Amino acid sequence: MKAAAFAYARATSVVNALELLAAHGDKAKILSGGQSLMPAMNLRLISPDILVDIGGLAELRGITVSAGVLIVGALTRHVDLLKSPEIALHAPLLRNAVTHVAHPAIRNRGTIGGSLAHADPASELPACVVALDAMIVVRGSSGERRIGATEFFKGIYETALSPDELLVAIEMPVAGKSSTFFFQEYARRHGDYAVVGLAARAVVAAGRFTDLRLGFFAVGDRPLLAAAAGRLINASVTSALLSEAATALADELDPQEDQQATAAMRRHLATVLLRRCVAALLARPELEAGVTK
Amino acid sequence: MSAPVPVSLLVNGEPIEALVLPRLNLADFLRESLKLTGTHVGCEHGVCGACTVRIDGEIVRSCLMLAVQAEGASVETIEGLSDSGEIADLQAAFRERNALQCGYCTPGMLITAQDLLKHLPVPDRQAIREHLSGNYCRCTGYQAIVDAVEATAKMRGERPA
Ligand SMILES: Cc1cc2nc3c(=O)[nH]c(=O)nc-3n(C[C@H](O)[C@H](O)[C@H](O)COP(=O)(O)OP(=O)(O)OC[C@H]3O[C@@H](n4cnc5c(N)ncnc54)[C@H](O)[C@@H]3O)c2cc1C
Ligand code: FES
Ligand code: FES
């Protein structure tokens, strides 16, 4: 199908975009890469009166590092994350994740800001920013605010953004030398939305986790920072302890059932990813094999 | 205010000026306004890849881009890639190996395969499959397509630069 008629405004600056949003309220939609908005409009799931195209705003695109903080502009495209030496060095989790996001032609246009604002619970990047403890920088007519990633996602396609606000950047602490990462997902086909996935950041010292952030996706209505990780921090991880953590994780999840998987299958796959992740990060392959299920 | 908007762009190297409705996507603009019907339209929501074109050298879905967003861009379609001879060897390999049957997916497959060979001249079969993963073919079963891309990569590797 084709999109219903709408008006089009090309924003000339962030300030101009905010003025347009203030003038049109929730009748307006921001257009970034269009890789989620256009499908929704072509399928007539939504029919905004006006699109505010921010695609040309160079000030929102790019990756910088300043005072230990990695700043990624909202219009930074998936392909930019894939190619950026700063991302490879300071946030390799994003690089690993983005290879699983859609297909090359879509990664050439889709943006990180669009992905986070769209907030599909099966999306990779929202779970990554949760695992990386990122701040989402948002600007509105009344100024700028910073929202912690765990507070930003509110439900399926729902975020803390109000209709007159623009997501402008994502800020993350740069990965210290001690940080390690894990990313894996189950998908029917490479590039498809995940059936279940896990993005994790850890600090390991003397064979123990001193920090572990597990960002699961496609397991509920938003990316989930698993509380079960707490059981594995500052503890000597045994097979039994890992089984306990897996049970706690399965209890904590509230997965949807859809044509891809039942809730029970999603719970099971999440625990498999947990075991793989812990085994990989602690470099103890027996932990993955040693648990029966 | 959903009145026509002026755009100027390059299509296969030729300057084009047009007035387009905002809702017109680039695929329909190419097909209906410019009669470049090599760009195919399958799903109109990004999943089939039949509408793949190049914008400023990089592949994109023309069904997910508005014609107005192509302002100032250089668009290349399968007609452009064919006429320049850039993919003549790839097209020949597709023919030889029966990598097309109905041909619906073929323009998108060719553009996407050429994109892979530009970025990664000697891809293995896994890399070919991954790069083409967003392009549906309902006829061939993909094996012959992967064969044709692999054969082209080999031939290009052996050809003196
Ligand atoms: C076939 C296909 C497969 C895909 N597979 C995956 C996948 O496996 N994983 C995945 O994560 N994604 C996938 N995607 C989606 C893709 O990653 C999109 O690029 C992304 O979700 C949205 O980014 P965008 O820049 O295109 O945003 P747009 O489509 O332009 O916008 C999306 C939404 O966010 C709003 N928005 C955009 N930018 C801002 C901003 N700066 N501030 C406030 N609001 C904003 C828009 O108004 C709109 O509501 C797929 C898409 C397609 C077509
Ligand atoms: S028509 Fe554009 S991807 Fe299917
Ligand atoms: S040849 Fe018919 S869809 Fe590919």
Side-chain angles (χ1 to χ4, degrees), chain A residues 1-11 20 23-24 27-29 31-56 77-80 82-83 99-111 114 187-193, chain B residues 1-7 20-28 32 41 43-73 108 111-113 115-116 118-120 126-136 142:
Chain A
M1 279 201 293
K2 306 192 191 290
F6 52 85
Y8 173 85
R10 195 176 284 127
L20 287 162
H24 297 280
K27 295 196 160 49
K29 273 280 177 192
L31 174 62
S32 286
Q35 302 301 292
S36 292
L37 185 58
M38 291 313 305
M41 288 174 61
N42 287 353
L43 293 166
R44 303 266 178 127
L45 298 174
I46 51 168
S47 301
D49 287 354
I50 175 166
L51 289 191
V52 176
D53 184 358
I54 61 168
R77 292 177 177 165
H78 302 333
V79 64
D80 301 330
L82 209 52
K83 291 187 177 160
T99 63
H100 297 267
V101 176
H103 314 284
I106 290 157
R107 296 202 288 261
N108 282 339
R109 304 253 339 143
T111 68
R188 295 262 164 188
R189 188 180 56 138
H190 188 92
D192 283 0
Y193 278 103
Chain B
M1 212 170 76
S2 48
V5 179
V7 277
V20 296
L21 289 173
R23 69 187 284 238
L24 184 70
N25 68 44
L26 180 63
D28 288 340
E32 318 268 322
V41 172
C43 66
E44 299 188 314
H45 62 276
V47 300
C48 78
C51 67
T52 307
V53 299
R54 280 204 309 224
I55 305 279
D56 298 328
E58 303 298 337
I59 55 170
V60 308
R61 301 284 202 239
S62 59
C63 72
L64 297 187
M65 195 168 159
L66 301 170
V68 288
Q69 287 179 284
E71 168 67 27
I111 294 187
T112 307
D115 181 66
L116 170 67
K118 261 179 31 193
H119 289 105
L120 186 69
Q126 177 65 23
I128 296 171
R129 284 187 181 282
E130 270 181 28
H131 209 82
L132 296 177
S133 63
N135 292 64
Y136 279 178
Y142 302 99

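The analysis underlying the following values was restricted to heavy atoms, covering all of them including side chains, and did not include hydrogens, waters or symmetry mates. These numbers come from a predicted model, not from an experiment.
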Is there a donor-acceptor contact under 3.5 Å from the side chain of A/R10 to the main chain of B/V68?
yes
Would you mind checking which part of A/A102 comes under 4.5 Å of any heavy atom in chain B, side chain (CB onward), backbone (N, CA, C, O), both or neither?
neither
Chain A contact via B/D28 - which portion, at a heavy-atom distance below 4.5 Å:
side chain
Among B/H45, B/M65, B/R23, residue most engaged with chain A (heavy-atom pairs, under 4.5 Å)
B/R23
Of the listed A/G34, A/P104, A/G191, the one with the largest count of heavy-atom pairs under 4.5 Å with chain B is A/P104
For the pair A/N42 (side chain) and B/C63 (backbone), establish whether a donor and an acceptor sit closer than 3.5 Å, ignoring hydrogens and angles.
yes
Donor-acceptor pair, A/R189 side chain versus B/S133 backbone, under 3.5 Å?
yes
Applying a strict 4.5 Å limit to non-hydrogen atoms, the region of A/L31 in contact with chain B is side chain
From CG (B/L26) to CD (B/Q69), nearest 0.5 Å
9.0 Å
Give, as side chain, backbone, both or neither, the part of B/L66 having an atom under 4.5 angstrom from any heavy atom of chain A.
side chain
Check for a donor-acceptor pair, side chain of A/N108 on one end and backbone N or O of B/I59 on the other, with a separation under 3.5 Å.
yes
Does any backbone or side-chain atom of B/L21 lie under 4.5 Å from a heavy atom of chain A? Answer side chain, backbone, both or neither.
neither
Main chain of A/T99, side chain of A/H190: is a donor-acceptor contact present, judged purely on distance under 3.5 Å?
yes
